[in-house]
Amino acid sequence: MLTRPATTRRVLAGIGLALLLVLGATLPATAGRRADPGAGCPPDQPDCSVWDDEPGNPGDPGGGGDDGGNDGGGGGVCQWNGRTIPCYDEDLGWFNNGDGCYYKLTEGPTEPPEGEQWYLQTCNGGDLGAQDVVTLADPPAGFGAPPDPEELARRALASIKLLPAPLKVAPRKSIGPGLVGLPVWMWAAPSTSYFGPLTASASDRDVTVSIEAKVREIVWDMGNQEQVSCDGPGTPYDPKGERAGGTSPDCGYDKGYQKADTYRVTATTYWTVTWSGGGESGVIPVTRNSGTVLIQINELQVVTR
């Protein structure tokens with residue numbers, strides 16, 4: 001049946017009203033709760049509430065580049081039992097990756113054999129209680145090495161926390177369903193804690209390395225094999241604002257979902273950590289993954305007369 005222009009206008013007005021009702025609904029009493037800090041969180045992530053309406057569904061530190069450690073650094077030059085440790089310690093000396101021991105020149109109980117020197121040997125990654133005094137003809141691997149600037153950069157990175165931002169979407173299942181073909185808004189808390197820039201530094205002997213960490217982009221996985229990249233925190237949806245019922249000005253899935261279903265939306269935050277010091281500079285990429293939020297999309301029912 002052909003629809004008259006007046007009826008068409010009423011249908012479009014109904015669509016806009018439906019969107020406002022869906023997105024402007026009031027949060028349930030249990031929604032928006034924040035998880036207890038540290039409760040069930042991944043290592044080094046004190047706040048699990050990365051989704052405002054999905055408490056108990058935390059994100060995770062993720063990975064990125066060669067970032068594999070819980071401290072946000074990983075990698076580095078000296079490791080013991082899967083953790084990065086300083087290659088030089090003022091009290092213990094230089095670390096040897098080959099045997100897991102620190103070595104430092106020391107006074108021995110007697111004269112060392114010809115061509116050898118006494119070393120204080122601290123094994124098990126520096127755990128005290130495993131020390132001995134040994135003689136060696138040649139310095140251990142790594143002995144006397146200058147500070148490694150990249151290791152210091154990773155040590156500085158380990159001193160700060162790069163958290164996934166608390167992310168929000170409209171519509172979302174905990175509030176009410178959206179409609180096929182209508183735009184979806186995505187945004188995040190626009191805080192320095194979640195987007196940077198964050199700075200830190202680490203020093204070893206006469207070398208100091210400084211880092212700056214900031215978010216490059218957030219990539220949203222819409223749960224239907226499509227992704228949306230946003231270079232900022234986005235704009236919160238306001239059901240009474242000028243753009244109500246329209247598209248987000250900076251971070252949205254504008255075409256909306258084309259099929260009624262329940263979709264699982266996640267997001268990955270990409271941090272860029274730049275460092276400089278000791279005559280060198282570099283970049284360490286880091287990612288942080290959000291939890292999951294559900295979006296319910298219903299078919300648009302249009303009645304014509």
Side-chain angles (χ1 to χ4, degrees), residues 38 41-46 61 63-163 198-213 271 273-286:
C41 294
D44 259 353
Q45 183 177 323
D66 51 7
D67 167 32
N70 291 332
D71 57 11
V77 180
C78 297
Q79 295 188 345
W80 176 251
N81 280 347
R83 61 187 174 91
T84 301
I85 61 176
C87 287
Y88 173 81
D89 183 277
E90 185 176 352
D91 297 320
L92 305 179
W94 284 267
F95 187 73
N96 180 1
N97 274 316
D99 60 11
C101 300
Y102 281 94
Y103 291 89
K104 183 178 183 179
L105 286 171
T106 189
E107 296 280 338
T110 61
E111 285 293 321
E114 185 176 353
E116 297 188 7
Q117 291 180 298
W118 286 104
Y119 292 86
L120 174 65
Q121 181 190 61
T122 307
C123 293
N124 299 325
D127 291 340
L128 297 180
Q131 287 186 315
D132 201 358
V133 178
V134 299
T135 60
L136 299 173
D138 298 310
F143 187 86
D148 181 74
E150 183 172 354
E151 181 199 358
L152 291 180
R154 295 181 180 278
R155 197 184 304 177
L157 177 55
S159 71
I160 61 178
K161 291 179 172 61
L162 308 185
L163 300 177
L198 301 174
T199 59
S201 63
S203 300
D204 185 354
R205 286 157 282 176
D206 59 345
V207 175
T208 296
V209 171
S210 300
I211 67 168
E212 180 182 77
W271 289 80
V273 181
T274 56
W275 61 268
S276 62
E280 299 182 26
S281 61
V283 175
I284 304 173
V286 180

How far apart are the C-alpha atoms of Trp271 and Leu198, what are their side-chain angles, what is the distance that settles it, and do they pass the side-chain contact (heavy atoms from CB on, under 4.5 Å) test?
CA-CA 11 Å; Trp271 289 80; Leu198 301 174; 4.1 Å; yes

Could you measure the distance from the [atom1] atom of [X] to the [atom2] atom of [Y]? Nearest 0.5 Å is fine.
{"X": "Ile284", "Y": "Thr274", "atom1": "CD1", "atom2": "OG1", "answer": "9.5 Å"}
{"X": "Asp138", "Y": "Glu116", "atom1": "CG", "atom2": "CD", "answer": "9.0 Å"}
{"X": "Leu92", "Y": "Thr122", "atom1": "CG", "atom2": "OG1", "answer": "4.5 Å"}
{"X": "Leu157", "Y": "Leu162", "atom1": "CG", "atom2": "CG", "answer": "5.5 Å"}
{"X": "Leu105", "Y": "Phe143", "atom1": "CG", "atom2": "CZ", "answer": "4.0 Å"}
{"X": "Ile211", "Y": "Trp275", "atom1": "CD1", "atom2": "CH2", "answer": "11.5 Å"}

Write down the atom of [X], the atom of [Y], and the distance for their closest heavy-atom approach.
{"X": "Ile160", "Y": "Ala200", "answer": "CG2-CB, 3.8 Å"}
{"X": "Val133", "Y": "Gly108", "answer": "CG1-CA, 4.5 Å"}
{"X": "Pro147", "Y": "Val207", "answer": "CG-CG2, 3.9 Å"}
{"X": "Ser203", "Y": "Thr208", "answer": "OG-OG1, 2.7 Å"}
{"X": "Phe95", "Y": "Cys78", "answer": "CD2-CB, 3.7 Å"}

Please check: side-chain N/O of [X] versus main-chain N/O of [Y], any donor-acceptor pairing under 3.5 Å?
{"X": "Asp148", "Y": "Glu151", "answer": "yes"}
{"X": "Asp89", "Y": "Asp91", "answer": "yes"}
{"X": "Trp80", "Y": "Ile85", "answer": "no"}
{"X": "Lys104", "Y": "Glu90", "answer": "yes"}
{"X": "Gln117", "Y": "Thr135", "answer": "no"}

Only pairs at least two apart or in different chains count here, so list each disulfide (SG to SG under 2.5 Å) that has a residue in residues 117-150.
Cys101-Cys123

Please tell me whether Ser201 and Ser210 have a donor and an acceptor in their side chains that are separated by less than 3.5 angstrom.
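Ser201 vs Ser210: no donor-acceptor pair found between side chains.
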
Could you check if a side-chain atom of Glu107 sits within less than 4.5 angstrom of a side-chain atom of Trp118, using non-hydrogen atoms only?
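Not in contact.
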
Quick one: do Thr84 and Arg154 satisfy side-chain contact (heavy atoms from CB on, under 4.5 Å)? Show the steps, please.
CA-CA 9 Å; Thr84 301; Arg154 295 181 180 278; 5.8 Å; no

Go through it in stages, so that I can follow the logic: the residues are Tyr102 and Asn96, the test is side-chain contact (heavy atoms from CB on, under 4.5 Å), and I'd like the CA-CA distance, side-chain angles, deciding distance and then a yes or no.
CA-CA 6 Å; Tyr102 281 94; Asn96 180 1; over 6 Å; no

Verify the ring-centre separation between Trp94 and Tyr103: is it less than 6.0 angstrom?
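Ring centroids of Tyr103 and Trp94 are no less than 6.0 Å from each other.
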
